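For reference, the structure discussed in these notes is given below.
Every chain is numbered from 1, with letters handed out A, B, ... down the list of sequences. The shown structure was predicted, so the numbers you read here are calculated from the model rather than taken from an experiment.
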There are 2 protein chains.
Amino acid sequence: MASMPAEKPETRPYHHGDLRSALLAAAERTLRDKGTAASLSLRELARDIGVSHAAPGRHFKDKQALLNALALVGYDRMAEVLEAADDPGLPLQDRLTTLARAYLGFAIDNAELLELMYARKHEPDAAEQIGVAIDRTVGALERAIAAAQQRGEIVDGDPEHLTLVVGTALHGLASFAITGKFTTEAAMGAVPELVHHLLYGLKPR
Amino acid sequence: MASMPAEKPETRPYHHGDLRSALLAAAERTLRDKGTAASLSLRELARDIGVSHAAPGRHFKDKQALLNALALVGYDRMAEVLEAADDPGLPLQDRLTTLARAYLGFAIDNAELLELMYARKHEPDAAEQIGVAIDRTVGALERAIAAAQQRGEIVDGDPEHLTLVVGTALHGLASFAITGKFTTEAAMGAVPELVHHLLYGLKPR
DNA sequence: ACCTGAACACCGTTCAAGT
DNA sequence: ACCTGAACACCGTTCAAGT
């Protein structure tokens, strides 16, 4: 028995419960409401939960530490969404399109969280944790591509490099969608064509 | 004479000069030093420049307004860099690689600014200004692709859609580089292969 | 171990008043 | 028109003290 996934009971009295996850949950809710991490105050969080304003300091050394933890939550949830959406039985193009839609949908529904997730952090330990979280996220994509490659449906080459092509494009599209460059529908609608172009290239065949 | 581009003298006494651009310049410097917009204080900016802490309020209604203006500066500068880097005489693949390198280089050198540029803003007027700025940025890419298309070197289809393929991939790669998923060298090194895959596709020919 | 209360050194924003 | 000074209502963070 290596390590069990952390349990997250849906309801819980925080009067004496575990403040850490209460803070994370409240922070996510507030972030979604206010729309920006700048207008997120530890003191307000503490007030909402009903603890003293100094209490958060026991669980997060910093406001940034809370934000980092929240970003990690986001990565975990995104990985779950992608893993759930992946269907190895599908033909390559459909499989990629499905994954792309799942990623884009998550990104649009969690725009505020995404902003945290994609923020630069220099603190080495947080960066490392986020690194493995990203790898897990990209994992589903990489498996789809490696499988297709073994079937000869994809060009030879390092699967990691090939995954990068699709990964960067999806990431960029999500970013454009979030920034408001596209509507949700336009972004979602662009997915099939994007996947097609990635597979068949911009040069005439 | 429609509208002249704003003049920006390099040196200037701010005691009585134009505070607005002094604030923007100081903000960019501080942003670069501190690394994050959260640790950027209007009061500190005012102190550095030598005006009262209420003075910035005359020029930016909000801290967010300053940040928005700074993002716009970033877009303008990025568009300049891309337009300067574009060489219409180059063969398609080289031309795209050059543009990609220029974009990536700018992104890495101006990571803090990029974070501002790619932040979601709901304020309608700022969003609109940023929209046109993005279009200008993507313009160089779009011209390269449209030209190649007319030469028959690129697949038929809406040039805007085709540009999106390259644009999203570059944007995503820059984002990965900034987040620290790649070193600068790794990201730059990945460019030629990425462009190649975009042109020739992931499916075997 | 976990939380509180008070304290410190800051903030952003507003607004009358000055030049 | 542009800036100042004072004031208001907040912050994040620390630290002794409580339970």
Just the rounded figure in Å: distance from [atom2] of [N] to [atom1] of [X].
{"X": "B:H59", "N": "C:dT13", "atom1": "NE2", "atom2": "P", "value": "15 Å"}
{"X": "A:F60", "N": "C:dC3", "atom1": "CZ", "atom2": "C1'", "value": "16 Å"}
{"X": "A:L23", "N": "D:dG12", "atom1": "CG", "atom2": "C1'", "value": "14 Å"}
{"X": "A:K63", "N": "D:dC10", "atom1": "NZ", "atom2": "P", "value": "16 Å"}
{"X": "B:E44", "N": "C:dC10", "atom1": "CD", "atom2": "P", "value": "10 Å"}
{"X": "A:L42", "N": "D:dC10", "atom1": "CG", "atom2": "C1'", "value": "14 Å"}
{"X": "A:L40", "N": "D:dC10", "atom1": "CG", "atom2": "P", "value": "16 Å"}
{"X": "B:R58", "N": "C:dG12", "atom1": "CZ", "atom2": "P", "value": "17 Å"}

- [ ] Report which part of the nucleic acid B:H53 touches: base, sugar-phosphate, or nothing (heavy-atom distance under 4.0 Å, all strands).
- [x] base
Open item on the list: Need one value for A:R20: base, sugar-phosphate or nothing, where a base atom within 4.0 Å counts as base even if backbone is also close, heavy atoms only.
Closed with: nothing
Task: Pairing of A:D86 and A:R95 as salt bridge, 4.0 angstrom limit - done: yes
Task: salt_bridge(A:R136, A:E83) N-O dist < 4.0 Å - done: yes
Open item on the list: Let's test your reading of the pairing rules: Watson-Crick or G-U wobble, both distances under 3.5 Å, then write DNA chain D as a dot-bracket string with ( ), [ ], | and dots.
Closed with: ||.|||||...|||||.||
Task: C:dG5 phosphate, OP1 or OP2, under 4.0 Å from A:S52 side-chain N/O - done: no
- [ ] Respond yes when some side-chain nitrogen or oxygen of B:S41 is under 4.0 Å from OP1 or OP2 of C:dC10, and no when none is.
- [x] no
Open item on the list: Counting only side-chain heavy atoms from C-beta out, which of D:dC11, C:dG12, C:dC3 sits nearest to A:A55?
Closed with: C:dC3
- [ ] Tell me which nucleotide among C:dC11, C:dC3, D:dC10 gets nearest to the side chain of A:R47.
- [x] D:dC10
TODO: Step through the shown structure and confirm whether more than 12 heavy atoms of other residues, nucleotides or ligands are within 6.0 Å of CG on B:D158.
DONE: yes
Task: Greater than 12 external heavy atoms within 6.0 Å of A:D156's CG - done: no
Task: Spatial distance of atom CZ (B:F176) from atom CG (A:L164) [nearest 0.5 Å] - done: 6.5 Å
- [ ] Fit a plane to each ring of A:H171 and A:Y118, take the angle between them on a 0 to 90° scale, and name the class: parallel (under 30°), tilted (30 to 60°) or perpendicular (over 60°).
- [x] perpendicular
Open item on the list: Side chains of A:L67 and A:L40, heavy atoms from C-beta outward: is any pair under 4.5 Å?
Closed with: yes
Task: Of A:A54 and B:A54, the one whose closest DNA chain D nucleotide lies more 5' - done: B:A54
